[in-house]
Structures are given as structure tokens and as C-alpha cells.
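In what follows, a single structure is set out as C-alpha cells and then discussed.
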Number of protein chains: 2
Amino acid sequence: MKLPGYENPELNAVFAALADPTRRAILARLSEGEANVRDLAEPFEMSQPAVSKHLKVLEASGLIERGQVGQSRPAYLKAAPMKEAMDWMEQFSRFWSGSFDQLDALLETMKSSEEDDLKDD
Amino acid sequence: MKLPGYENPELNAVFAALADPTRRAILARLSEGEANVRDLAEPFEMSQPAVSKHLKVLEASGLIERGQVGQSRPAYLKAAPMKEAMDWMEQFSRFWSGSFDQLDALLETMKSSEEDDLKDD
DNA sequence: TAGTTTCATAACCATATGGTTATTTCTTTA
DNA sequence: TAAAGAAATAACCATATGGTTATGAAACTA
């Protein structure tokens, strides 16, 4: 059995990072330009340490990096890991391109199951 | 501030579902054909209830549905929500297409910061 | 040098997550 | 009808997650 994407800690980290709405908003914000912690904390009703934690998660996933400009540590996007995640998802594209649905296979199974029943007569 | 994808529970659920390697492997397996719980539990060193839990998470995310064939409840892919996730990620594609990197903006910031310093003379 | 700003870290809390074993429910089959 | 099989559910456990407040450490600024 081929298990693509199985045991790929990088994918774990990227998807886990994207699972939180605050982090997605932070990424969206960073796509418009680099920002420091206070910039990012401001639009959310959230403390500064909470934002720092989110940034740490994003940094661990590779989706952002941090700079150092004086006492400020601006975060900026490094979206390459997101591409890896998309590449993994691509293997399922035939299931939403309209030409195929796994439901077909299920119905096929149910049909052959009925045929088995008939064979028993 | 525009926050695309913020407060979108469906995206939360899809990304969270994909963050677990076992669930990704299950999805990969299901892309080759529908399977019941025992089929899915077999290749993993994992109990049947654990797999049932994973299936529940996947079902809640909309990535799979369950059928009923006798006492078996085969799972099959419904990858459409994955497309929604990819659509959200698409907004960052310019950051990995080679033509742009948010690091540019950071360096720009640092440069203008230096200019500020010079201005102080 | 003293104060202010930016950020990180520590300690804590409530809840979620991923696993287990034991049990129950439903369905098929002997 | 009794036994067996498939899957769900319950109860439990350890750890992770997302938040808080309080504090600490650098780096600017007056």
C-alpha cells in the first residue's frame, strides 16, 4: 500500500498551522506586507503573547520567517511549504474536476453485492 | 483589514483533518477505492475505534461520506472541500512562483529604516 | 541613566486530540 | 434462535493547543 504524504512532519505542521483562523488571517495580512507583533495583535482581540505563540507555530511550519529590525522582529511570508501542501492535495484533483467521484466506486460495490445475493439463488 | 478565510469553520475542519498523517493516508487509500473500517484499520498499527474516530473527523470535515452495505459502512471520498482549501491557498501562489517573495518587502523596510537613521544626521 | 517599547518566556488553565480497552448495537449467518 | 462480525460508543488517559496574566530581556529614547 502506497501512503503518499504519510509520515511527513512538514505537511503535519503546515496543515496544522493553517487549521487556525487567526493564523490564516495573519498569513493573509502578511501577504500584503511584512508586519511586527504589535501590528498583527492590533486587529485581533488577543494579547501580544498569544500572537507571539501563533507566530512561533507559523515559523515552525516554515510558512513565515522573522527578521530583526532594531527591537522589532517583523514577520514575512515564506509560502513555499504551502505549495508542498497543495502538491499533496493535487493527487485528489480528479475528485473535484467533475469527471469522477468516489461515490461511483461505492455504488459499483453495492451493485456487485446485490449480484452476489442473486447468485445465491 | 481584509481577512480572507478568517472565521471559516469549514476551512478549520478541512485543514485540521489534513494535519494528521493517519487521516492523510486514509484519504490516499480512499482515492484508490472505497473501503470499510476494517480495511482501513489493517495497514495501521491501530485499533478499530481509533480508525472510526479518524473517519468521524474526516466526515465532519466533509472530505468523506459513509455508505451502508449490510453491516459494513464503506467510506468514500468527497474531495470538494479540499478544493475550497486549495482555493484559499491560491491567494499566496505568487509567493512561490519565483517572481516575488515577502522577503523583498522586509529588506525594503530595513533599507528605509537605515535611511531614517541617516536623516537624523 | 532612567524610562519606554517590543517581544519572549514562564506559569497556569480549560478544552481538544489521539490513542487505548471494554461494551453495545445492529446485521448476517449457521 | 444463537453465534459471529462490523462498527459505534463510552470511559479513560496523556499530551497538545490556544488562551490568559505576570514577568524578563533587549533595544531604543529622552
Side-chain angles (χ1 to χ4, degrees), chain A residues 6-7 9 12-26 34-61 64-76 106 109-110 113-114 116-121, chain B residues 6-7 9 12-26 34-61 64-76 106 109-110 113-114 116-121:
Chain A
Y6 190 60
E7 289 294 318
N12 296 355
V14 172
F15 284 127
L18 296 177
D20 183 276
T22 301
R23 286 194 291 264
R24 287 200 305 278
I26 286 174
E34 132 283 327
N36 64 23
V37 174
R38 300 202 77 88
D39 295 335
L40 294 169
E42 183 264 320
F44 304 103
E45 290 168 359
M46 193 174 296
S47 65
Q48 169 261 312
V51 173
S52 285
K53 274 197 186 183
H54 282 304
L55 291 179
K56 187 169 287 187
V57 172
L58 288 168
E59 197 173 9
S61 76
I64 70 167
E65 289 183 359
R66 311 288 303 271
Q68 185 97 41
V69 178
Q71 66 200 118
S72 177
R73 299 200 50 216
Y76 53 92
L106 174 66
T109 297
M110 296 175 75
S113 180
E114 278 173 36
D116 290 348
D117 292 349
L118 293 175
K119 255 198 316 223
D120 290 346
D121 294 349
Chain B
Y6 189 61
E7 290 294 317
N12 295 356
V14 172
F15 284 127
L18 295 177
D20 183 276
T22 301
R23 286 194 291 265
R24 286 200 304 277
I26 287 174
E34 133 282 328
N36 64 25
V37 174
R38 302 200 79 89
D39 296 335
L40 294 170
E42 184 264 321
F44 304 102
E45 291 168 358
M46 195 175 292
S47 65
Q48 168 260 312
V51 173
S52 285
K53 275 195 187 182
H54 282 304
L55 292 180
K56 187 169 287 188
V57 172
L58 288 168
E59 197 173 8
S61 76
I64 69 167
E65 289 183 0
R66 311 290 302 273
Q68 184 98 40
V69 179
Q71 67 200 118
S72 178
R73 300 200 50 214
Y76 53 91
L106 174 66
T109 297
M110 295 173 76
S113 180
E114 276 173 37
D116 290 350
D117 292 349
L118 293 175
K119 255 198 317 221
D120 289 347
D121 293 349

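Note on naming: letters A, B, ... go to the chains in the order of the sequence lines (proteins, then strands), and numbering restarts at 1 for each one.
When rounded to the nearest whole Å, the span between CD of Glu59(B) and P of dA8(D) equals 8 Å. Atom CZ of Arg73(B) is separated from atom C1' of dA6(D) by 11 Å (rounded to the nearest Å). Atoms CZ (Arg66(B)) and P (dA7(D)) sit 7 Å apart, rounded to a whole Å.
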inquiry  = Checking Leu55(A) against Ile26(A) for the side-chain contact (heavy atoms from CB on, under 4.5 Å) test, could you report, in this order, the C-alpha distance in whole Å, the side-chain angles of both residues, the deciding distance, and whether it holds?
reply    = CA-CA 9 Å; Leu55(A) 291 179; Ile26(A) 286 174; 4.1 Å; yes
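Legend: side-chain hydrogen bond (donor to acceptor under 3.5 Å, both in side chains) pairs involving residues 40-58 of chain B, not counting sequence neighbours, sorted by first then second residue: Arg23(B)-His54(B), Gln48(B)-Ser52(B).
Judged by distance alone, the side chain of Asp39(A) and the main-chain N or O of Asn36(A) form a donor-acceptor pair under 3.5 Å. Between the side chain of Gln68(A) and the backbone N or O of Gly70(A), at least one donor-acceptor pair lies under 3.5 Å.
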query = Which parts of nucleotides 17-30 of chain C does protein reach within less than 4.0 Å, heavy atoms only, written one letter per nucleotide 5' to 3' as B for base, S for sugar-phosphate only and - for none?
reply = -BBBBB----BS--
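Note on Ser72(A): a side-chain N or O is less than 4.0 Å away from OP1 or OP2 of dC7(C). In this model, the phosphate group of dA7(D) is not approached by any side-chain N or O of Ser52(B) to a distance below 4.0 Å at OP1 or OP2. Checking the phosphate oxygens (OP1, OP2) of dT6(C), a side-chain nitrogen or oxygen of Arg38(A) falls inside 4.0 Å. Checking the phosphate oxygens (OP1, OP2) of dT9(D), a side-chain nitrogen or oxygen of Lys56(B) falls inside 4.0 Å.
With sequence neighbours excluded, the residues forming a side chain to side chain contact (heavy atoms under 4.5 Å, CB included) with Ala13(A) are Ser61(A), listed by chain and number.
Residues Arg66(A) and Tyr76(A) come closest through the heavy atom pair C-CE2, 3.9 Å.
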